[in-house]
Amino acid sequence: MGTILCATRGGVDSQPTQRRAISLAQERGNRLVFLYVVDTTFLNTVAAPLVVDVASQLRQMGQFQLAMAQEQAAEQEIEAEIVIRQGPLRTELIQVAQEVQASLIVLGYPKGEEARFDEGDFQNFIGELTAKTGAEVVIVES
Amino acid sequence: MNYDPSFFITLGIFLLVLLAIGFRWVHETAAVLSGAVAIWLVHYVGGTFFPSLHIIGFDEAMAFVDWNVIFLVLGMMIFMAMFSETGFLHWLAYRAFRLTRGNAWLLGLALILLTGVTSSFLNNVTAMLLLIPLTIQIAETVGLDPLAYVIPEVLAANIGGAATLIGDPPSTIVGLHLGLGFLEYAIQAAPVVVISMLLLLGASAWLYRREIAGARKRYSAALIRQLESGAQIMDPSLLRKAGIVGVVTLFLFFVAEFFGLPASVVALTGATWLIIWVRPDMYRMLREVDWTTLVFFIGIFVLVGGVKQAGIIHWVVQIVDRLAGSSLDRAMVFTVWLSGLVSGVIDNIPFTVAALPVVDLLNQALPAAQGNPVLYWALIFGADFGGNLTYVGGAANIVAVGLLSQAGYRVSFGRFMRDGALVVVTTLLVVTLWLWIRY
């Protein structure tokens with residue numbers, strides 16, 4: 001049985017990605033793992049008293065987002081697992097894919113202001129992901 | 001007016017720093033520090049060969065740093081670092097969810113008010129970091145687009161921050177410069193803040209009427225459990241101690257004037273008391289203090305010291321004086337709206353520090369302004385409320401948008417501005433009318 005790894009942030013932007021991952025898990029009878037990566041780099045340009053443990057706040061939020069994704073999967077009778085990591089998305093995604101021995105990786109690609117990668121950079125990343133994990137990569141645009 | 005090379009070089013450096021901050025080329029602290037260092041290098045190295053390049057030396061620059069502001073921010077940071085570990089705000093937000101039985105209207109009202117009040121006493125960014133992640137989860141539980149709660153919360157934070165001397169940096173910087181006591185400041189600011197908050201509540205209810213009407217009435221038990229698990233009091237003993245110290249410190253802020261206690265000494269008294277009582281790991285405690293913010297404040301004071309020494313402030317005052325035509329009313333309106341507009345696109349801290357000496361000189365130049373603090377209040381409210389205009393207008397806005405993005409909700413520039421512009425125009429109208437009537 002293969003493993004589908006779906007990187008998600010939850011929320012409305014990630015819904016198409018999550019739905020696609022769930023439907024692929026149903027079709028293929030694969031194990032489904034949702035991944036949330038805590039990323040605090042948006043604070044890197046702000047000079048304000050960051051005395052709060054931001055990473056733990058985001059970890060807690062990530063846990064909630066993944067609980068919602070699990071519920072969504074459960075409605076389709078898929079029992080999904082969850083993984084939360086902290087660090088650069090690229091590194092963490094590759095590492096988790098290797099750990100769970102993912103055969104398929106489902107990724108969302110938000111376009112516009114909030115895109116994490118530009119087009120060329122994204123293609124390079126997909127190449128790197130495939131090379132390092134040996135997994136098939138499915139892109140869902142949002 | 002003497003337009004020597006130091007004038008143009010300093011002006012260039014200052015504008016470059018503002019651009020670097022506005023466009024987020026580098027971290028804000030790196031931008032102001034680079035500006036301060038550039039001014040010193042021009043002063044010392046350039047000034048050795050060309051005396052006209054003397055701008056401001058190190059010792060002179062240090063005299064421009066308002067240490068009362070620096071130590072007040074430091075004291076508050078130490079308190080916030082310990083308080084944030086109690087989980088109290090999470091617990092409070094979750095209680096609001098339970099008490100309102102998930103009624104989306106009442107819940108929105110409670111969360112917006114909670115943010116506004118929290119921001120009056122804690123830094124806006126801290127309020128955002130503590131409240132927004134849980135707000136997103138609460139909104140998702142009731143099946144609501146989190147933007148319907150989060151954006152009004154950001155706007156409430158910037159409005160609520162103006163309520164006290166410690167709520168928002170412009171209030172702290174200008175309030176301390178005026179020598180205002182905590183109580184005196186709060187009494188003067190309260191009417192404008194209360195009216196603005198009421199208007200914000202009305203505007204939010206109207207802007208998000210469809211989303212709120214469509215909220216879910218039944219919730220998933222699993223999600224409620226998840227929500228509840230993240231909304232526990234983490235350390236009841238720390239909460240009790242922080243609560244006692246917080247209340248006593250607040251009382252001290254109110255009576256500080258009587259003893260001639262500077263606000264910084266009050267904040268440091270509370271922070272030191274809490275450190276001795278709680279006995280945290282000092283190494284960790286001091287590491288958690290955000291030194292970049294303190295360096296940012298010092299850098300901006302130095303930079304503006306250079307701007308003042310180079311004659312730029314005097315030049316700006318002449319322009320404003322000409323535009324205002326020696327009318328205090330016109331100068332007040334100009335200060336409110338210009339402060340609001342500029343703070344809407346760049347960080348309001350450098351703007352306030354730079355605008356304060358302009359207001360000082362303007363106050364001396366306008367006969368009707370003698371003994372009348374109206375222009376200072378115009379600067380406080382303009383800078384505090386103007387931050388609501390765009391999502392780059394304040395650190396709290398940027399943090400909230402970043403947190404939303406982390407939960408998979410995109411907020412475009414225009415989307416934020418739809419709500420922000422409406423609230424800024426409305427609240428600045430309130431400010432203008434209030435200052436016109438009051439002063």
Side-chain angles (χ1 to χ4, degrees), chain A residues 6-18 34 36-75 80 82 84 86 89 108-116 140 142, chain B residues 21 24-29 31-32 73 76-78 80-82 84-85 90 123-126 129-130 132-134 136-137 140-141 145-146 220 222-223 225-227 229-230 288-290 292-293 295-297 347 349 394-396 398-399 401-413:
Chain A
C6 173
T8 178
R9 284 196 270 182
V12 70
D13 289 342
S14 300
Q15 290 310 305
T17 315
Q18 289 176 193
F34 284 115
Y36 181 91
V37 178
V38 171
D39 178 5
T40 57
T41 51
F42 67 95
L43 297 169
N44 283 353
T45 57
V46 181
L50 303 173
V51 291
V52 176
D53 182 359
V54 185
S56 81
Q57 301 284 323
L58 289 178
R59 189 172 281 271
Q60 163 70 32
M61 190 170 75
Q63 226 145 21
F64 186 87
Q65 300 297 354
L66 295 188
M68 287 183 68
Q70 269 182 318
E71 272 213 334
Q72 203 179 344
E75 282 165 16
I82 61 169
I84 299 185
Q86 185 187 340
L89 176 66
Y109 180 44
K111 289 194 165 176
E113 282 178 52
E114 290 299 310
R116 284 192 181 192
V140 182
S142 60
Chain B
I21 293 173
R24 319 224 151 256
W25 293 335
V26 286
H27 190 285
E28 289 174 329
T29 304
V32 295
V73 174
M76 293 306 294
M77 261 197 250
I78 293 174
M80 285 186 300
M82 285 197 261
S84 69
E85 289 178 3
H90 279 187
N123 175 279
N124 289 354
V125 170
T126 306
L129 288 170
L130 291 173
I132 300 300
L134 196 71
I136 293 171
Q137 294 166 48
E140 285 177 330
T141 304
D145 180 351
S220 143
L223 292 185
R225 272 198 303 277
Q226 186 69 38
L227 200 59
S229 72
E288 280 185 6
V289 167
D290 192 354
T292 58
T293 304
V295 176
F296 174 72
F297 271 100
D347 194 316
I349 301 172
I398 296 166
V399 167
V401 170
L403 290 168
L404 277 167
S405 161
Q406 285 305 301
Y409 295 92
R410 274 181 271 184
V411 184
S412 67
F413 197 84

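We name chains A, B, ... by the order of the sequence lines, and we start the count at 1 in each one.
Considering only heavy atoms from C-beta on, Ile398(B) stays 4.5 Å or farther from Phe42(A) through its side chain. Side-chain contact between Gln60(A) and Gln137(B): present, with at least one pair of heavy atoms (C-beta onward) separated by less than 4.5 Å. In this structure, Phe64(A) and Leu227(B) have side chains that are in contact, with non-hydrogen atoms separated by less than 4.5 Å. In this structure, the side chains of Arg9(A) and Tyr409(B) stay at 4.5 Å or more apart for every pair of heavy atoms.
Checked by atom type, the side-chain pair Glu140(B)/Gln65(A) shows a donor-acceptor distance below 3.5 Å.
Heavy-atom distances place both the backbone and the side chain of Leu403(B) under 4.5 Å from chain A. For chain A, the nearby part of Ile136(B) is the side chain; its heavy atoms alone come within less than 4.5 Å. Residue contact with chain B, scored on non-hydrogen atoms closer than 4.5 Å, involves the side chain of Glu71(A) exclusively.
A distance of 5.5 Å separates CD in Gln406(B) from CG in Leu58(A), rounded to the nearest 0.5 Å.
Among all heavy-atom pairs drawn from Leu223(B) and Met68(A), the shortest one is CD2-CG, 3.5 Å.
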